[in-house]
Amino acid sequence: MLPKAYDPSAVEDSIYKRWEDSGAFRPESCDPKGEPFTISMPPPNATGQLHLGHAVMLALEDIFIRFQRMRGRKTLWVPGTDHASIATEAVVIRQIQKEERIADPRKALGREKLIARIKKFVEESRGTIRNQVRKMGASCDWTRERYTMDPALARTTYEVFVDMYKRGVIYRGHRMVNWDPKLQTTLSDDEVVCEARTEPFYTFQYGPFQISTSRPETKFGDKYVVMHPEDERYRKYKHGDTFTAEWINGPVHATVIKDSVVDPAFGTGVMTITPWHDAVDFGIAERHGLEKEQIIGFDGKLLPAAGEFAGTPIEKARPLIVEKLQKKGLVVTTVEGHEHNVAISSRGGGIVEPQIKEQWFVDVNKRAVNWKGKKMTIKEVMSDVVHSGDVHIIPERFNKVYFHWIDNLRDWCISRQIWWGHRIPAWYKGSEIYVGVEPPEGDGWEQDSDTLDTWYGVSQWTWSTLVDPKLTEDTSLSLQEIIKRSPDLQAFHPTHVMETGYDILFFWVARMILMTTYTLGQVPFKTVYLHGLIRTRDGKKMSKSHPETMIDPLDIIPKYGADALRLSMIVGQSPGADSRLYEEKIAGYRNFVNKLWNASRFVLLQCEAAGLRPAELKMDPSTGSGGKLKIDEYSLADRAMLSRLQSVIQKVTEGLAEYRLSEAGETLYSFVWDDFCDWYLELSKGNANTAVLVHILRKILQLLHPYCPFVTEELWSQVKPEDAGMLISKSWPEVKKEWVDAEAEETFLQLISVIQAVRKIRADQGIEPSKEISAIIHTKKWVELLESQEGHIRRMGKISSLTFDTDAKPHKNAASVFLPEIEVHVPLEGLIDVAAERKKLEKEKAELEKYVNGIEVKLKNADFTARAPENVIAAEREKKETGAEKLRKITERLQMLG
RNA sequence: GGGCAAUUAGCUCAGCUGGUUAGAGCGUCACAUUGACAUUGUGAAGGUCACUGGUUCGAAUCCAGUAUUGCCCACCA
């Protein structure tokens, strides 16, 4: 017999092992005729611990996968890890700095040794991650585990790079980049975050002009003044005019430039430019062919161009420069508290300095993708796949965000000045350049020292993980041949769902669309399901700097079980919205899991009492063969429950298929707790139909399995039919239409109403709960059904005597329980007054009739009419038709009321 | 500066395309409870659905505006 309480930590690990050992996670164990269903697990960074973000990702994907697997799809869920170049290198460097007190590990160790250290660190982390993923119950195919630094994935990364280079999509050029002086590397636009700072805003005299800036330290080399071509105030100055201005380190020869990016309304309408350190200025300089000069070094210190300030870090130089200008009398005004945005590195937290550097870029405007029979630009394809619905984003509102991002997308800087990652496959010899997967022949070639942005390689993840690694060892095969010959790639790509946090929609989801459409001519996935951030009870972000705010899945699982954790993150959450998590919530779902456990325990006890083995029990109420009852011989409660079960199966199946996990989960939660436990099991006491009990329990376990796989699998082993295998591979329950019995459900509700009414009488009359009372119940329509349930009603309502009287007339002072046919002859207040109810319905019906009969379409909004009149009319008509349906419903209810 | 979302019970949130008495969980209170389950059961209290207008027979739901909060985007020096 089962213990009284469920102890997840006692069984979870062994259940997981049984699943894994059985091969159930592999598509090869699924029905060979099943349609494939694939998910690529977003690879966690190989930096160590999994957090709640990973936990929610694993829970969601596991639910998708388990549901489809149980339905007979050939499911594949590919796990893996990401080398996470910048993040991992930073973690290891910090570790070395801390533990070995080496100030600059890069310098001290050199490239080879540092990489070796990182590799070792990553190996350990990956082990930890694998273990953590298992703890969550994730049913992914470990035999297909991948890592972004696998030789096979490195090969595909390089092949795509070389291909893009050859077709001119990847280019090398001097461009404005986001330079992180702290980490000594460039960053992509997405790795830069803006932070509002208030700093003084200075206006300086510059020749005849006044110019404003919050960054005086960049102004040394400024020798162009720019204004809007149509600014009347500066009409007398012509484009190309020159003049001499006294400036920080003496006079400069300046030139007037007219450009329409300048906003005449801002400040004085005139600005000087610093093309090397500002993207706008760079654009102006490019348009007019102006000189560019570097003022700030890559170490964040001023260069010789700053004269006496050379070598000073910029933040120190600023007040000194202002002071000097002040002495020269060139400061016009200083406004304190000017708010502007400062670019901060999301990686290292340092201030990002725009610099010009030679870097590798992906050209997003190159017409180089073959898509739907057309040559399109990367941008166009990225936009098209979402517009056309090839990729469907859940929740939909992220479409807008996505399109906005695409519209503003600029070339993607993919080179990073760090060592950990895929090294750029380019070699230089003097002015020669060679780009290829294999190093060039001959001496004197030196490889580019930079590595690729992590997101470049991992953006091929959905398909590079499916490439057959053996094929990539054969250097004579082209990438397209490898793709064609890889069986998994052919069978399982495109993947079905990409489930990830909305915070990496741009970093990753968009880039996967880019890289995969380019290389394969396929979308990487059909549906994008975005989850939100998990926050603390107060709605704050959980952060490493405040460990007390963190909930660690590995602390929670031993205490509450993986199932409870999963439920607490899924049920009651909607996609794309942030949610809060705290221990009481998890405890609530632990209680639910335990409730399920004990309900099963009760069922088993009933079987034992009847001398039956649950495994042998089969329910086939349609035939009634083998001495069993036919369904219409079942009790009211049995039929009502079986009928209710059918609609639950339908709702849950639809919900899961349409990614409405929370809704389906809630349906199950309330069915199990409110219907099955609180009513059906109570009614079964002393009069149980074990076949039905076992049947419903089995269906519940099946339906719940995607949500809480461990406890359901454990219980399944107790109640499963003899010939059935593990729950993980059991087929999903089907709706049996012939068991739907609306009348039984309705009557059952009446029965419950009677019981509740009696309880209420007791409360209202102040009758002590321990004391039994007498009640007379008159029924007309359902007298037979209710008579069969007399025992239950008496028992649950604590009624000492019940009388059924079919001929009784409705009593004036009787309190009626919803229907006039059931009356309780005890005066009481607060129950539904049938007369009032009828009146209300009649009024509503009359009102509806006016509007529903003979559809009169009235257009509500003139604007809409102008735009799409037909649509509006159609929509309006449809509305009226649903109105008609409502009318029908009301009429029906009125008839029921008599 | 642009965009998106949220605002419903003390707390966390449901409420789909407008229509029975606005729901759930937690918390609170009362009562129950010796055999599935105290990780329980039954019930109660608690909401003018942020505000103001509008559309409608009818609005938490649709529209407009306001306020507060949060997020994303952005080259205003």
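The sequence lines fix the lettering, A, B, ..., with proteins before strands; numbering per chain opens at 1. Both backbone and side-chain heavy atoms feed into the values below; hydrogens, waters and symmetry mates do not.
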With a 4.0 Å cut-off on heavy atoms, is A/Ala279 in touch with a base, just the backbone sugar-phosphate, or nothing at all? nothing
Taking the P atom of each, how far is B/C62 from B/C49, in whole Å? 15 Å
Assuming nearest nucleotide by heavy-atom distance, tell me which of A/Tyr6 and A/Ser212 is located more 5' along RNA chain B. A/Tyr6
For A/Lys219 and B/A77, give me the distance from atom NZ to atom C1', rounded to whole Å. 6 Å
Could you provide the dot-bracket string of RNA chain B, using ( ) for intrastrand pairs, [ ] for crossing pairs and | for bases paired to another strand, with Watson-Crick or G-U pairs below 3.5 Å? (((((((..((((.....[...)))).(((((.......))))).....(((((..]....))))))))))))....
Considering only the C1' atoms, how many Å lie between B/U12 and B/G54, rounded to the nearest integer? 33 Å
Looking only at atom types and distance, does a side-chain atom of A/Ser600 sit under 3.5 Å from a main-chain N or O of A/Leu715, one as donor and one as acceptor? no
Would you say the ring centers of A/Tyr669 and A/Tyr589 fall short of 6.0 Å from each other? yes
Taking the C1' atom of each, how far is B/A67 from B/A30, in whole Å? 41 Å
Test ring-ring contact (aromatic ring centres under 6.0 Å, His included), reference A/Phe204, set A/Tyr206, A/Phe201, A/Tyr202, output is A/Tyr202
Of the candidate nucleotides B/G25, B/C75, B/C37, which contains the atom at the shortest distance from the side chain of A/Tyr669? B/G25
Below 4.0 Å: OP1/OP2 of B/G41 and any side-chain N or O of A/Trp673: yes
Tell me the interatomic distance from A/Tyr589, atom OH, to B/G25, atom P, rounded to whole angstroms. 10 Å
Whole-Å gap separating P (B/A36) and CG (A/Asn598): 10 Å
Give me the one residue out of A/Asp675, A/Leu697, A/Leu693 that meets side chain to side chain contact (heavy atoms under 4.5 Å, CB included) with A/Leu681. A/Leu693
If the P atom of B/U28 is compared with that of B/C11, how far apart are they to the nearest Å? 15 Å
For a quick test of reading the model, state the closest non-hydrogen atom pair linking A/Trp405 to A/Ala510 and the distance between them. CZ3-CB, 3.3 Å
Give the rounded distance in Å between these two atoms: CG of A/Asp281 and P of B/C76. 12 Å
Please tell me if A/Arg410 has a side-chain N or O lying less than 4.0 Å from either OP1 or OP2 of B/C75. yes
Check: A/Asp674 main-chain N/O paired with A/Ser670 side-chain donor or acceptor under 3.5 Å: no
With heavy atoms under 4.0 Å as the rule, sort A/Val262 into base, sugar-phosphate or nothing. base
Should A/Asn591 be listed as having a side-chain N or O under 4.0 Å from OP1 or OP2 of B/C37? no
Could you check whether any side-chain N or O of A/Gln205 sits under 3.5 Å from a backbone N or O of A/Phe209, counting only pairs where one atom can act as donor and the other as acceptor? yes
A/Asn598 side chain vs A/Lys4 backbone, donor-acceptor pair below 3.5 Å: yes
Expressed as a whole number of angstroms, how long is the span from A/Leu596:CG to B/C37:C1'? 11 Å
Nearest to the side chain of A/Arg397 - B/C73, B/A5, B/C26? B/A5
Proximal nucleotide (of B/C71, B/C73, B/A36) relative to the A/Ala599 side chain: B/A36
Write down the distance separating the P atoms in B/U68 and B/C51, rounded off to the nearest Å. 16 Å
Between A/Thr213 and A/Arg215, is there a donor-acceptor pair closer than 3.5 Å when you use the side chain of the first and the backbone of the second? yes
Enumerate the protein-to-nucleotides 13-16 of chain B contacts in which both atoms are nitrogen or oxygen and the separation is below 3.5 Å.
unit_1: B/C13; atom_1: OP2; unit_2: A/Arg580; atom_2: NE; d: 3.3
unit_1: B/A14; atom_1: OP1; unit_2: A/Ser574; atom_2: OG; d: 3.2

Base, sugar-phosphate, or nothing for A/Leu681, non-hydrogen atoms under 4.0 angstrom? base
Taking atom P in both B/U48 and B/U55, compute the distance separating them and give it to the nearest angstrom. 26 Å
B/U39 P sits how many Å from A/Ile586 CD1, rounded? 18 Å
In whole Å, what is the span from the CD atom of A/Glu583 to the P atom of B/C11? 21 Å
Any A/Lys595 side-chain nitrogen or oxygen under 4.0 Å from OP1 or OP2 of B/U39: no
Could you say whether A/Asp538 or A/Ser214 is positioned toward the 5' end of RNA chain B, judged by the nucleotide with the nearest heavy atom to each? A/Asp538
Please measure how far the P atom in B/U61 lies from the corresponding atom in B/G19, and state the result in whole Å. 10 Å
Side-chain H-bond candidate by donor/acceptor type, A/Asp578 with A/Tyr502, under 3.5 Å: yes
If only atom types and distance count, is the side chain of A/His277 paired as donor or acceptor with the main-chain N or O of A/Thr218 below 3.5 Å? no
Which whole number of Å gives the distance between the C1' atom of B/A22 and that of B/C16? 15 Å
Tell whether A/Lys400 reaches the base of B/C4 with its side chain through a donor-acceptor pair below 3.5 angstrom. no
N/O donor-acceptor pair under 3.5 Å between A/Ser568 side chain and A/Ala564 backbone: yes
